[in-house]
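Below is one structure, written out as structure tokens; the observations come after it.
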Amino acid sequence: MLIVEHEPFRDDRGFLMEAFNAAEFAKHPDVGLPSTFVQMNHSRSVKGVTRGLHFQWDPPMGKYMRVARGEAFLVAVDIRPGSPTLGEHVTVVANDENHLALWAPACFARGLATLSEIVDVEYFITGHYNGTAESGIKWNDPELGIDWPLEDGQVPIVSEKDSNAPSFREADTYS
């Protein structure tokens, strides 16, 4: 997992930023940044939506997630069997001002929580979607210890699929 910082070029008109540059990503093979993606997805969520934790094993799918508009809490959880960091997670609050992105390689479960009224998240993906080889982990599994940024009394908006996802221990991951 890696948090990627981008430097926008700003002037009085706004900014221009390279959200992805294959040559730059290829300079960092030590951290596993891919220089090729097969698909880009774009999701829009309203405030209070929580998505995830999702993963896919065939083909293995890594995701480079960035916020194009608004603000989101991005999370990636290590689900690699035998990993010394199995079950550990990385989080970042990414928005259209700080231009942070999160790289979560294959064998990591990913999710997000919307913090602004609307958030647009772009996902650069390393494997084509295969609905028969994807699954999830319950977003609020206490064993993972993710400190989701919920306001007092807030009940997140979660899909039925994500509400019914198995716990970390029950999930059929990459084992």
So, Glu88 and Arg80, do they make that salt bridge, N to O below 4.0 Å? no

When rounded to the nearest 0.5 Å, the distance separating CG of Asp78 from OG of Ser83 is 3.5 Å

Determine yes or no for a side-chain-to-main-chain donor-acceptor pair under 3.5 angstrom, with Trp148 supplying the side chain and Pro156 the backbone. no

Decide yes or no on side chain to side chain contact (heavy atoms under 4.5 Å, CB included) for Leu144 and Val77, but give the supporting numbers first. CA-CA 8 Å; Leu144 297 176; Val77 179; 3.9 Å; yes

How far apart are the C-alpha atoms of Ile125 and Asn41, what are their side-chain angles, what is the distance that settles it, and do they pass the side chain to side chain contact (heavy atoms under 4.5 Å, CB included) test? CA-CA 8 Å; Ile125 301 171; Asn41 295 346; 3.1 Å; yes

What's the spacing between Leu102 CG and Met65 CE if we round to 0.5 Å? 4.0 Å

Salt-bridge test for Arg69 and Asp96: reply yes if a basic N is under 4.0 Å from a carboxylate O, no otherwise. no

Under a 4.0 Å threshold between the charged nitrogen and the carboxylate oxygen, would Glu134 count as salt-bridged to Lys161? yes

Roughly how far apart are Ile79 CD1 and Ile137 CD1, rounded to 0.5 Å? 5.0 Å

Rounded at 0.5 Å granularity, tell me how far CH2 in Trp103 sits from CZ in Phe108. 9.5 Å

Treating Ser116 as the side-chain partner and Gly70 as the backbone partner, does any N or O pair qualify as donor plus acceptor under 3.5 Å? no

When rounded to the nearest 0.5 angstrom, what is the spacing between CD in Gln39 and OH in Tyr123? 12.5 Å

Step by step, would you call Leu112 with Val121 a side chain to side chain contact (heavy atoms under 4.5 Å, CB included)? CA-CA 9 Å; Leu112 69 86; Val121 178; 3.9 Å; yes

Side-chain donor-acceptor pair under 3.5 Å between Ser45 and Arg51, yes or no? yes

Counting distance only, does the side-chain N/O of Thr114 pair as donor-acceptor with the main-chain N or O of Lys47 below 3.5 Å? no

Exercise: identify the closest heavy-atom pair between Val93 and Asn98: O-ND2, 3.0 Å

Quiz question: by atom type and distance under 3.5 Å, do the side chains of Gln56 and Asp58 form a donor-acceptor pair? no

Between Glu160 and Ser163, is there a side-chain donor-acceptor contact under 3.5 Å, judged purely by atom types and distance? no

d(Asn95 CG, Arg66 CZ) to nearest 0.5 Å is 11.0 Å

Would one find more than 12 heavy atoms of other residues, nucleotides or ligands at under 6.0 Å from atom CG of Asp147? no

